[in-house]
Enquirer: 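Provided herewith is a single structure, encoded as structure tokens, for subsequent inquiry.
From a predicted model like this one, the values you see are computed outputs, not experimental measurements.
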Amino acid sequence: MTTGQFNTRAPAHFHAPGRLLLCAVKFAPGATLAAHTHPYMQASLIVEGGAVIGGERFGIWDYFYQRKGVAHGPLGFPEGATLLSVAMR
């Protein structure tokens, strides 16, 4: 379950040729994401704000990695955050 504001159009999704996907995602203060999986690997860099993932705090310039098909989360964004995520489809 997702709570708070989650805006995947800020600023945009960019698709590179082949399997690479680059995405900027902005979370409003207080937004949360329940534990979930992805059908691909994904690495995210926090460029603004912060996150709490499984009880661990992450700040600006920290990154986290999610393996394909492995559950991760819950994720919380108490102050809000902007993430730059890279995925290999």
Side-chain angles (χ1 to χ4, degrees):
M1 182 169 151
T2 303
T3 62
Q5 184 180 9
F6 174 69
N7 186 352
T8 58
R9 292 173 294 187
H13 281 62
F14 301 98
H15 295 272
R19 299 177 15 185
L20 182 68
L21 171 66
L22 176 63
C23 179
V25 184
K26 187 169 186 76
F27 292 91
T32 60
L33 292 174
H36 61 282
T37 62
H38 295 277
Y40 44 79
M41 68 69 65
Q42 181 177 5
S44 298
L45 174 71
I46 299 173
V47 296
E48 179 180 60
V52 178
I53 305 169
E56 185 176 353
R57 289 196 158 273
F58 292 82
I60 295 173
W61 302 118
D62 286 337
Y63 73 95
F64 49 96
Y65 171 80
Q66 303 89 40
R67 291 182 295 164
K68 175 182 176 178
V70 176
H72 57 279
L75 290 85
F77 305 94
E79 306 90 33
T82 301
L83 308 180
L84 179 60
S85 295
V86 178
M88 291 296 289
R89 297 183 275 171

Enquirer: Which heavy atom of Gln66 sits nearest a heavy atom of Phe64, and at what distance?
Expert: NE2-CD1, 2.6 Å
Enquirer: How far apart are the closest heavy atoms of Gly50 and Phe77, and which atoms are they?
Expert: O-CD2, 3.5 Å
Enquirer: Using side chain to side chain contact (heavy atoms under 4.5 Å, CB included) as the criterion, list what pairs up with Tyr63, not counting sequence neighbours.
Expert: Leu45
Enquirer: Could you report the tightest heavy-atom contact between Val25 and Phe27, atom names first, then the distance?
Expert: CG1-CE1, 3.6 Å
Enquirer: Which residues pass the side chain to side chain contact (heavy atoms under 4.5 Å, CB included) test with Pro78, not counting sequence neighbours?
Expert: Val52, Arg57
Enquirer: Against Leu83, only a single residue in Leu75, Val47, Ile46 fulfils side-chain contact (heavy atoms from CB on, under 4.5 Å); can you say which?
Expert: Ile46
Enquirer: Between Tyr40 and Met88, which heavy-atom pair has the shortest distance, and what is it?
Expert: CB-O, 3.1 Å
Enquirer: Side-chain polar contacts of residues 67-74 - donor-acceptor pairs under 3.5 angstrom, sequence neighbours left out - could you list them?
Expert:
unit_1, atom_1, unit_2, atom_2, d
His72, ND1, His36, O, 3.3
His72, ND1, Val70, O, 3.3
His72, NE2, His36, NE2, 3.2
His72, NE2, His38, NE2, 3.4

